[in-house]
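Worksheet for the structure shown next.
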Amino acid sequence: MSKQTFLKGTFILIIAGLITRFLGFVNRIVVARIMGAEGVGLYVMAVPTLLLVITITQFGLPVAISKLVAEADALNDRSRIKRILVVSTTITLTLSIVFTTAMILLAPMIASTLLTDSRAYWPLVAISPIVPIVALSSVMRGYFQGLQNMKPTAYSQVIEQVVRITFVALLTSAFLPLGVEYAAAGAMISVVLGELASLLYMIVMFKRKKSFRIRQKFFAYLGEGKKTFVDLMAISLPTTGSRLVGSVSYFFEPIVVAQSLAIAGVATAVATQQYGQLAGFVIPLLTLPTFITYSLSVSLVPAISEAAAKKRYPLIHHRLGQSLRLAMLSGGISVVVLYVFAEPVMALMYDAPEAAVFIKVMAPFTIFLYFQGPLQSTLQALNLAKAAMMNSFYGAIVKIAAIFALATRPELGIMGAALAIVIGILLVTTLHFASVVKTISLTVNIIFIAKASVLLGASVVFSSLVHRYAFSDWPLMIQTLLAIGLTVLCYALLALLLGLVKKEEATRIPLIGSFLSKLIPA
């Protein structure tokens, strides 16, 4: 089975993430155009409940599987790899059956009581079959990532989005005459179908690549799996704690927002629409670069774990610094473009220019969000998953409290929720960074901060001038695309001139390395 280096594996995941994010935005635009903000509000209200159930079902096993499979593969211990798969599959399938049933039974109460909108019941029920599908997919992905083969994960992500987009317009349009809640349920069904196609692909790849039969002596391996279970839990429990905190926080977020807006005197339908704009339109745009930081995080855990085992602390500093710099470069251009072009982007994508005010307020601070993934992965690789969990817990508590404190004020309303989300991002990132500094004595690179500040500041000034004075007589779409294109070009050239892109990194990137290495100075 083919393996990839740190940068090549990351590059494969980044390309897949770029494709899936693009397709995901196409999906969101289609859904928004068909269902409107109210339908999107019902859709995103159901998502946090789903993510909470999936987090509990996965139990942090993907990271644990990846790490243990990597260790077993290094020793060529196929029997141990099979035990890992048998035990982890049994755990996830058992949990998925329990929590899928609970999700269906509790859907009426969650929709009408917690979310204050009984129409959210149908999206909740429609999405529930996805839980066991995602659970089994996570086991497959952990297995392939442990073997340092990122291609199946990348291809499965693209397949999932293609299938979802194929069905979303058809199903939402078919169910819309029955009501907006049924249209939201149709969108959820398309998600289930996409995940199912992704799982089928992973199973086919597993059957082709594996060197053993998973069903042969399944129960015998399960009976011998006590130590494997303990090893999995030792890694998965702290990991799932951090994810569980985030999922619980995300679960309570729409509940607290809905209750707070009700206290502020906002009608239920209006509150649903406003939350749909914030969570369905704005947040996905702001989190767009996280597919890059996710790719970095997946590749970073084994790289730093290996370096830590060999006590190669300079290499740990190098890998982390490399990841933070790439996170800044990818996130920085997103911040610049969204801050300057917020109104035309929202108008063109969602026909909701009034939601641009949220982007204007939140975009400058979301640069800190892009650092969270690499910092958290570093903590997990250094056996500090508990510290990462507690940092996330503190951030979640502060965010939920801030939502209630700010969104209940009539003069702020839904903007209070946006400010609270920003506060949570800043706190968690700061705590993660402090934990890393305390552990490996990481020093703050003042030169890097200065160069990044120059890059962001100069790009904002340039793009603002282009936005204001260039192409003013052109149609809005062409004007916006040309202005963003010039902004990206300016940003890239400045990054090269400031030395924020390294020649040795560019030469290791497949296909484009040879080209970039001729342009980038050593």
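Source: prediction; values computed, not measured.
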Got a sec, which pairs hit ring pair (Phe, Tyr, Trp, His ring centres under 6.0 Å) with one end in residues 103-133, sequence neighbours left out?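 Qualifying pairs, neighbours excluded: W122-Y182.
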Please output the side-chain donor-acceptor pairs of residues 417-425 that fall under 3.5 Å, not counting sequence neighbours, one pair per line with the distance.
none

Determine whether V335 and Y370 satisfy the following criterion, side-chain contact (heavy atoms from CB on, under 4.5 Å), listing intermediate values before the conclusion. CA-CA 11 Å; V335 168; Y370 312 135; 4.0 Å; yes
Taking ring pair (Phe, Tyr, Trp, His ring centres under 6.0 Å) as the definition, give me every residue that meets it alongside F341, ordered by chain and number, with sequence neighbours left out.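 Ring pair (Phe, Tyr, Trp, His ring centres under 6.0 Å) check on F341 returns H467.
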Residue pairs involving residues 341-358 (criterion side chain to side chain donor-acceptor pair (under 3.5 Å); sequence neighbours excluded):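 As it turns out, the side chain to side chain donor-acceptor pair (under 3.5 Å) pairs with a partner in residues 341-358, which skip direct neighbours, are Q277-E354.
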Any pair with a residue in residues 413-428 that passes side chain to side chain donor-acceptor pair (under 3.5 Å), sequence neighbours left out, goes on the list, sorted by first then second residue, please.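 Found none.
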Result block: side-chain N/O donor-acceptor pairs under 3.5 angstrom for residues 164-178, not counting sequence neighbours:
from: R164; atom 1: NE; to: E160; atom 2: OE2; distance (Å): 3.0
from: R164; atom 1: NH2; to: E160; atom 2: OE2; distance (Å): 2.8
from: T166; atom 1: OG1; to: V162; atom 2: O; distance (Å): 2.6
from: T172; atom 1: OG1; to: V168; atom 2: O; distance (Å): 2.6
from: T172; atom 1: OG1; to: A169; atom 2: O; distance (Å): 3.3
from: S173; atom 1: OG; to: A169; atom 2: O; distance (Å): 2.8

Look at the side chain of [X] and the backbone N and O of [Y], then say whether any donor-acceptor pair between them is shorter than 3.5 Å.
{"X": "K360", "Y": "A342", "answer": "no"}
{"X": "S118", "Y": "A111", "answer": "no"}
{"X": "S88", "Y": "L85", "answer": "yes"}

Pair up each side-chain donor or acceptor in residues 186-205 with any protein partner under 3.5 Å, not counting sequence neighbours, and list the distances.
from: S190; atom 1: OG; to: A187; atom 2: O; distance (Å): 2.5
from: S198; atom 1: OG; to: R141; atom 2: NH2; distance (Å): 3.1
from: S198; atom 1: OG; to: S156; atom 2: O; distance (Å): 3.2

Partner set under side-chain contact (heavy atoms from CB on, under 4.5 Å) for P353, not counting sequence neighbours: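 A347.
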Taking side-chain contact (heavy atoms from CB on, under 4.5 Å) as the test, write out the residues that go with V98, two or more places apart.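 V98: no side-chain contact (heavy atoms from CB on, under 4.5 Å) contacts found.
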Does the side chain of [Y] come within less than 4.5 Å of [X]'s, by heavy atoms?
{"X": "Y143", "Y": "I81", "value": "yes"}
{"X": "I91", "Y": "F229", "value": "yes"}
{"X": "V345", "Y": "L285", "value": "yes"}

Partners of S128 by side chain to side chain donor-acceptor pair (under 3.5 Å), sequence neighbours excluded?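 Applying side chain to side chain donor-acceptor pair (under 3.5 Å) to S128 gives none.
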Distance-only donor-acceptor hits, side chain of residues 11-19, under 3.5 Å, sequence neighbours excluded:
none

Measure the CG-CG distance between L278 and L286 for me, rounded to the nearest 0.5 Å.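 CG of L286 is found 9.0 Å from CG of L278.
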From L426 CG over to I367 CD1, what is the distance, rounded to the nearest 0.5 angstrom?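 One gets 11.5 Å once the value is rounded to the nearest 0.5 Å.
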Which residues pass the salt bridge (charged side-chain N to carboxylate O under 4.0 Å, His left out) test with E253, sequence neighbours left out?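 Listed in chain order: K399.
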The test is side-chain contact (heavy atoms from CB on, under 4.5 Å); show your working for S96 and T92 and say whether it passes. CA-CA 6 Å; S96 66; T92 53; 6.0 Å; no
